[in-house]
Amino acid sequence: MNIRSLSIALLAALGAGCAHGLSTDASSPRTPAPDYYGTTEPFAANAVYFVVTDRFVNGDPSNDQREQGGPDPTLRTFDRPTPGAETHGGNIGYLGGDFRGLLDNADYIADMGFGAVWLTPIVDNPDQAFTGGDPIGSDAFFKDRGKTGYHGYWGVNFFELDEHLPSAGLDFAGLAAGLDRHGLQTVLDIVANHGSPSFTMPVDQPKYGEIYDADGSLLADHQNLTPEDLDPDGNPLHAFFHDEPDLAQLSNLDDTNPAVLDYFVRAYSQWIEHGADAFRIDTIRHVPHPFWKAFSDRIRAEHPDFFMFGESFDHEAANIAPHTWPENGGVSVLDFPLKAALQEVFGSTGAGYEELADALYLIDGPYTNPYELMTFYDNHDMPRMDASDAGFIDAHNWLFTARGIPVIYYGSEIGFMRSAGEHEGNRNYFGQERVDAAVGNPIRENLKRIALVRAASPALQRGLQLNLVLDGDRAAFYRVHQRDGEHQIALVLLNKGDAAAAFEVRDYLQAGPWQAAIGGGTVQVAPGGSLSATVPAHGVEVYLLDAPVIRTDLQAELARLMAGARRGD
């Protein structure tokens, strides 16, 4: 294909009576420089690698529990292929991934530029496959017959590790400490709205519908009764549950019962003490805000500023933003509205960058802080992104330069099981062989390149975003961070087209030596000048200027963004 020249014609600078807004800050040296930042949240320095622990790497076969459930094939828990598994490999049994496999590959994760690992819940789950519910099919939602708790979301004792995960000498505290030695924080997935599947079993099964305390005593038991048949007022074992259903056959925990709140505060405080650095909250929208306000207040009373983000599976910003408000607990969320746009832009649809603009909410948006949202394009609860290698590369170039904290689902660094849904390969076993073979994969190597740039750039981690162009295959924007004596301006140029693109940037461009973080070298921009660059097909360049903001039109635009970036500003 012939190389076509793509240019960005940028508008004349704003400053009235001042050509291109070039005058310097008129304040005296004694006047503090104004602050420009998206967030001050320390966790924003990280990019997050998300693993379904059982499906990552089996580092210790001795904890596989391959005989668990006994000889009855309807109850066994290890290796339970789904219909069609001969072609897609889907499985609803345990497959052996554990703490040892994760820690053994901590260098692999850190080497890609990640600063944190999010792992699925670690608490004890039932020891048999579930016999109730609806049979597994290609539709993943609420079809649980034959499933096991390999994913960790069917908690029974929230104080106890599931036996499939630790090894001799390696408990959760050891894992967290080990990850920390590799420069990785530990994000623990937590659940508070439900326990295990609790009714519709032909015969009541051990642990299903049961909840145990730290000392092993039984606190609650659904007794295989439908929610409508529970007697929370008359039976103490029913007091933890609502008497109406919520999700499938999962127990619906009573958020209005102070004992339920106390139970989860105690349980999850234990895991913080053992090394959890942050929480991802499952199904946050299924519990009312007063519960999360009380929960977060109690957690942060002992662990100030502890970072948490929730999953509210909803593509409307107005519906998920209230979780982020301080009066509701001040919990960040996974950015589902942006996720929907990312799949359109980088997936098989191939929409233009303009599709992302409205979902960014850079000014006057509903979120407490859009810069603290967790940005992603897929995960374990939806089909993996249907994209080419170039689509994954382009998506990563965006996620690691634009606002938000990027989250990448395990295997996406090689396009693993792309477009597969939950029961058709979305959560397939990755394994050591694939980890070893991933080095050199073009998706992984391009991800690593841009992730390492982000890991070294305060502007990309925490800076305000000022868009210049989001159009078709081209995007250009600034990220600016100036606070506490630290100052950096980043100019991001993105090209998701199949041919090289020529950029000429003039608007808001401050004079000085701009370092090319990827291509190397320095571009010296004169006052009133421009910066010209050619970005290769499906490529990115980031120019960095480590200098205070002195250009007046840039100061004015950043002041406007600062004033409206965060709810309540």
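Quick caveat, the model's predicted, so the values are computed rather than measured. Below, each value reflects all heavy atoms present in this structure, side chains not excepted, and no hydrogens, waters or symmetry copies. The chain is numbered in sequence order, starting from 1.
Between the side chain of Glu302 and the backbone N or O of Arg300, no donor-acceptor pair lies under 3.5 Å.
You'll find the ring centres of Trp271 and His274 inside the 6.0 Å limit. The ring of His323 has its center closer than 6.0 angstrom to the ring center of His289. Aromatic rings from His380 and Phe50 are positioned such that their centres are separated by under 6.0 Å. The aromatic ring centres of Phe279 and Phe306 sit less than 6.0 Å apart.
Taken from CG in Asn319 to CZ in Arg285, the straight-line distance is 8.5 Å, to the nearest 0.5 Å. Interatomic distance, CD of Glu355 versus CG of Leu338, reported as 12.0 Å (0.5 Å rounding). Rounding to the nearest 0.5 Å gives a distance of 7.5 Å between CG of Leu460 and CZ of Arg454. The OG atom of Ser348 sits 9.5 Å away from the CE atom of Met385 when rounded to the nearest 0.5 Å. Asp54 contributes atom CG, which lies 12.0 Å from atom CG of Leu102 (distance to the nearest 0.5 angstrom). Distance check, rounded to the nearest 0.5 Å: OG of Ser457 to CD1 of Ile489 gives 11.5 Å.
Between Asp111 and Lys448 a salt bridge is recorded (basic side-chain N to carboxylate O distance below 4.0 Å). Residues Arg403 and Asp335 are paired through a salt bridge, judged by an N-O separation under 4.0 Å between the basic side chain and the carboxylate. We find that Arg384 and Asp378 are not joined by a salt bridge, their nearest charged nitrogen and carboxylate oxygen being 4.0 Å or further apart. Using a cutoff of 4.0 Å between basic side-chain nitrogens and carboxylate oxygens, Arg418 and Asp389 are scored as salt-bridged. Using a 4.0 Å cut-off between charged nitrogen and carboxylate oxygen, Glu372 and Arg462 do not count as a salt-bridge pair. Using a 4.0 Å cut-off between charged side-chain N and carboxylate O, Lys293 and Glu327 make no salt bridge.
Side-chain contact between Pro536 and Asn495 is absent, with no heavy-atom pair separated by less than 4.5 Å. Inter-residue side-chain proximity for Ile408 and Leu399 is flagged as met; some heavy-atom pair is nearer than 4.5 Å. You'll find the side chain of Tyr377 reaches within 4.5 Å of the side chain of Ser412, heavy atoms only. Within the 4.5 Å cutoff, side-chain heavy atoms of Val542 are placed close to those of Thr401. Considering only heavy atoms from C-beta on, Val51 stays 4.5 Å or farther from Thr120 through its side chain.
By the 30° and 60° cut-offs, the orientation of the rings of Phe313 relative to His315 is perpendicular. Using the six-membered ring where Trp is involved, Phe346 and Tyr353 have ring planes that are perpendicular, over 60° apart on the 30 and 60° scheme.
Counted by atom type alone, Glu311 and Thr283 present zero donor-acceptor pairs between their side chains at under 3.5 Å. A donor atom on one side chain and an acceptor atom on the other are found under 3.5 Å apart for Tyr108 and Glu413. Checking Asn467 against Gln465 by side-chain atom types alone, a donor-acceptor pair falls below 3.5 Å.
Taking all atoms of both residues into account, the shortest heavy-atom contact from Leu165 to Pro121 is CD1-O, 4.4 Å. Residue Arg566 comes nearest to Tyr37 through the heavy atom pair NH1-O, 3.1 Å, listed as atom of the first residue, atom of the second, then distance. Residue Glu541 comes nearest to Ile518 through the heavy atom pair OE1-N, 2.9 Å, listed as atom of the first residue, atom of the second, then distance. Closest heavy-atom contact between Pro527 and Ala511: N-CB, 3.7 Å. The two atoms that bring Phe336 and Ser312 nearest to each other are CD1-O, 3.4 Å, heavy atoms only.
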Show every donor-acceptor pair shorter than 3.5 Å between a side-chain atom in residues 430-438 and any protein atom, with sequence neighbours excluded, or say none if there are none.
residue	atom	partner	partner atom	Å
Gln432	OE1	Asn105	ND2	2.9
Gln432	NE2	Asn105	OD1	2.9
Gln432	NE2	Asp436	OD1	3.0
Arg434	NH1	Tyr429	O	3.1
Arg434	NH1	Phe430	O	2.9

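Residues satisfying the ring pair (Phe, Tyr, Trp, His ring centres under 6.0 Å) criterion with Phe114, sequence neighbours excluded, are Tyr49.
A ring pair (Phe, Tyr, Trp, His ring centres under 6.0 Å) check over residues 448-480, counting only residues at least two apart or in different chains, returns the pairs Trp398-Phe477.
Counting non-hydrogen atoms of other residues, nucleotides and ligands closer than 6.0 Å to CG of Asp358 gives a total of 12 or fewer.
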